[in-house]
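These notes are about the structure you will find just below.
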Amino acid sequence: MDRQTVELRAVDVRAGPEDVVIETRFSGISRGTERLVWSGGVPASEHETMRAPFQQGAFSFPVKYGYAAVGTVQGGERAGETVFVLHPHQTQFAVPSEAACPVPDTVPAARAVLAANMETALNITWDAGVAPGDRVSLIGAGVVGLLTGYVCAWIPGTEVTMVDVDPRKAALADAMGCSFSQPAEAAGDRDVVIHASATAEGLATAIALAGMEARVVEASWFGTKTPEVPLGGAFHQRRLQIVSSQVGQVPADRRVRWSYRRRLEKALDLLADPALDVLVSGESPFDQLAQDYGAILEDPSTLCHRVRYAPAL
């Protein structure tokens with residue numbers, strides 16, 4: 001199987017004594033990362049570090065990838081429970097019971113597919129150190145950028161602006177409680193700038209908007225691309241910080257208290273707001289995924305694309 005070729009394959013689901021069997025109801029396509037995987041953009045040096053929890057195969061292909069499944073537990077003490085699992089797109093699967101995180105009653109199963117992206121947004125906000133009253137700009141109004149803006153906007157007194165080249169993103173920014181600007185009109189002298197566009201131009205904009213001794217958080221993942229980073233001009237005179245954010249680790253100042261499970265549970269709690277439904281930009285039935293997948297990933301308007309699974313007969 002080559003890259004940019006998608007197949008649906010039958011699998012034999014076998015549950016161990018500590019496993020639960022999940023009948024999938026929905027899964028979410030995370031366009032940024034899945035597009036890199038689909039196009040062969042994962043560097044060979046990161047083939048192991050970038051593995052999804054229940055990935056099968058390798059990034060050199062074939063690979064079964066994905067990390068946003070919502071389903072119902074079949075049988076056992078947890079029968080009927082709605083859970084979120086960091087699992088690839090699959091109609092039914094078995095995982096250790098502790099890997100199946102309960103979805104709160106306040107969160108519809110259809111919206112819970114955003115949990116992995118919300119977990120990333122929460123981690124970015126921690127890495128950014130956003131504080132009450134900060135002026136914050138987020139470059140790139142994709143689903144992770146918008147969710148990060150949503151989290152930051154809840155911090156008292158913050159002024160949060162989404163910056164994107166597409167003026168149609170203004171309505172999405174407004175739904176997240178943020179203002180909106182295109183790059184040429186974006187205000188500078190920001191306390192924190194978060195970059196999530198995965199473009200060299202976006203990173204240059206992030207650096208340009210940062211105020212004196214401000215923090216620029218690089219939340220994009222460029223894969224095999226090597227972007228130019230404008231470290232000339234006033235970069236050093238303004239004593240800017242550029243820090244990376246990656247969801248694979250809880251920030252060091254929280255790691256003793258925050259397990260991965262606690263972080264995911266909090267991400268699910270944060271999905272109770274119906275305003276977040278605008279981040280699901282489309283939906284496909286699972287049995288059409290092989291023919292639709294490439295077009296979904298290549299469409300720049302895709303945010304989170306939801307996959308719907310037929311109920312078991």
Side-chain angles (χ1 to χ4, degrees), residues 30 32-33 114-164 169 172-173 175-181 183 186-222 227 229-231 235 238-258 260 262-264 266-267 269-271 273 276 279:
S30 185
T33 305
L114 293 167
N117 293 137
M118 179 61 91
E119 188 177 18
T120 300
L122 182 59
N123 217 63
I124 291 168
T125 306
W126 288 341
D127 282 323
V130 178
D134 276 347
R135 292 175 296 190
V136 182
S137 286
L138 289 109
I139 316 302
V143 66
V144 169
L146 288 160
L147 282 171
T148 306
Y150 175 83
V151 174
C152 291
W154 275 98
I155 299 172
T158 54
E159 301 173 23
V160 184
T161 302
M162 298 299 311
V163 180
D164 198 278
K169 297 290 183 72
L172 293 168
M176 298 300 104
C178 305
S179 60
F180 178 82
S181 178
D189 198 27
R190 312 306 278 177
D191 298 298
V192 180
V193 185
I194 298 167
H195 177 233
S197 80
T199 67
E201 295 81 6
L203 179 54
T205 297
I207 291 172
L209 298 184
M212 184 73 179
E213 297 191 342
R215 174 174 291 188
V216 177
V217 180
E218 179 51 86
S220 304
W221 191 51
F222 287 89
V229 184
L231 300 182
F235 176 83
R238 282 188 287 144
R239 296 174 56 82
L240 299 182
Q241 299 179 46
I242 300 180
V243 300
S244 65
S245 181
Q246 207 276 338
V247 73
Q249 295 288 338
V250 175
D253 62 344
R254 294 175 179 268
R255 206 168 294 161
V256 172
R257 302 177 306 280
W258 282 82
Y260 292 121
R262 182 185 174 191
R263 186 181 63 181
L264 180 55
K266 180 52 63 178
D269 285 342
L270 292 172
L271 294 177
D273 190 347
L276 299 174
L279 300 182

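These numbers were taken from a predicted model, which means no experiment stands behind them. No hydrogens, no waters, no symmetry mates; every other heavy atom, side chains included, goes into these values.
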Between S197 and S220, the two heavy atoms sitting closest are N-OG, 3.3 Å
Separation between OG1 (T125) and CD1 (I194), nearest 0.5 Å, reads 5.5 Å
For V160 and L138, work out which heavy atoms get closest and say how close. CG1-CD1, 3.4 Å
Please evaluate residues W221 and V247 with respect to the criterion side chain to side chain contact (heavy atoms under 4.5 Å, CB included), reporting the C-alpha separation (whole Å), side-chain torsions for both, the decisive distance (0.1 Å), and the verdict. CA-CA 11 Å; W221 191 51; V247 73; over 6 Å; no
Between the main-chain N or O of I155 and the side-chain N or O of T158, is there a donor-acceptor pair closer than 3.5 Å? yes
For S181, check side-chain hydrogen bond (donor to acceptor under 3.5 Å, both in side chains) against everything at least two apart and list the hits. none
Side chain to side chain contact (heavy atoms under 4.5 Å, CB included) between V250 and W126, intermediate numbers included: CA-CA 9 Å; V250 175; W126 288 341; 4.2 Å; yes
Does a side-chain heavy-atom distance below 4.5 Å link P251 with N123? yes
What pair of heavy atoms forms the shortest contact from F222 to A200, and how long is it? CE2-N, 4.2 Å
Let's go through L114 and L276 carefully: what are the C-alpha distance in whole Å and the side-chain angles of both, what is the deciding distance for side chain to side chain contact (heavy atoms under 4.5 Å, CB included) to 0.1 Å, and is it a yes or a no? CA-CA 9 Å; L114 293 167; L276 299 174; 4.3 Å; yes
Can you tell me how far apart CD1 (I124) and NE2 (H195) are? Round to the nearest 0.5 Å. 11.0 Å
List the residues meeting side-chain hydrogen bond (donor to acceptor under 3.5 Å, both in side chains) with T148, not counting sequence neighbours, and say none if there are none. none
Once rounded to the nearest 0.5 Å, what's the spacing between atom CG of N117 and atom CD of E119? 10.0 Å
Residues two or more places apart in sequence or in another chain: which of them pass side-chain hydrogen bond (donor to acceptor under 3.5 Å, both in side chains) with D273? Y150
Steps toward side chain to side chain contact (heavy atoms under 4.5 Å, CB included) verdict (R257, R254): CA-CA 6 Å; R257 302 177 306 280; R254 294 175 179 268; 3.8 Å; yes
Approximate separation, where rounding is to 0.5 Å, of Y260 OH and R255 CZ: 7.0 Å
In short, R190 meets V136 closest at the heavy-atom pair NH2-O, 3.4 Å
If I take atom SG from residue C152 and atom CE from residue M176, how far apart are they, to the nearest 0.5 angstrom? 13.0 Å
If the condition is side-chain hydrogen bond (donor to acceptor under 3.5 Å, both in side chains), which residues does D164 pass it with, not counting sequence neighbours? none
Taking all atoms of both residues into account, what is the closest heavy-atom pair of F180 and A173, and its distance? CB-CB, 4.0 Å
Taking 4.0 angstrom as the limit, do E159 and R135 come out as a salt bridge? no
Name all residues meeting the side chain to side chain contact (heavy atoms under 4.5 Å, CB included) criterion together with Q241; count only those two or more places apart in sequence or in a different chain, and write none if there are none. R215, V243
Do any side-chain atoms of residues 201-211 form donor-acceptor pairs under 3.5 angstrom with protein atoms, and if so which ones, sequence neighbours left out?
| from | atom 1 | to | atom 2 | distance (Å) |
| --- | --- | --- | --- | --- |
| T205 | OG1 | E201 | O | 3.1 |

Looking at every non-hydrogen atom in both residues, tell me the closest pair between G145 and A196 and how far apart they are. CA-CB, 4.2 Å
Distance, nearest 0.5 Å, that separates CE of M118 from OG1 of T120: 10.5 Å
Is any side-chain heavy atom of L279 closer than 4.5 Å to one of L147? yes
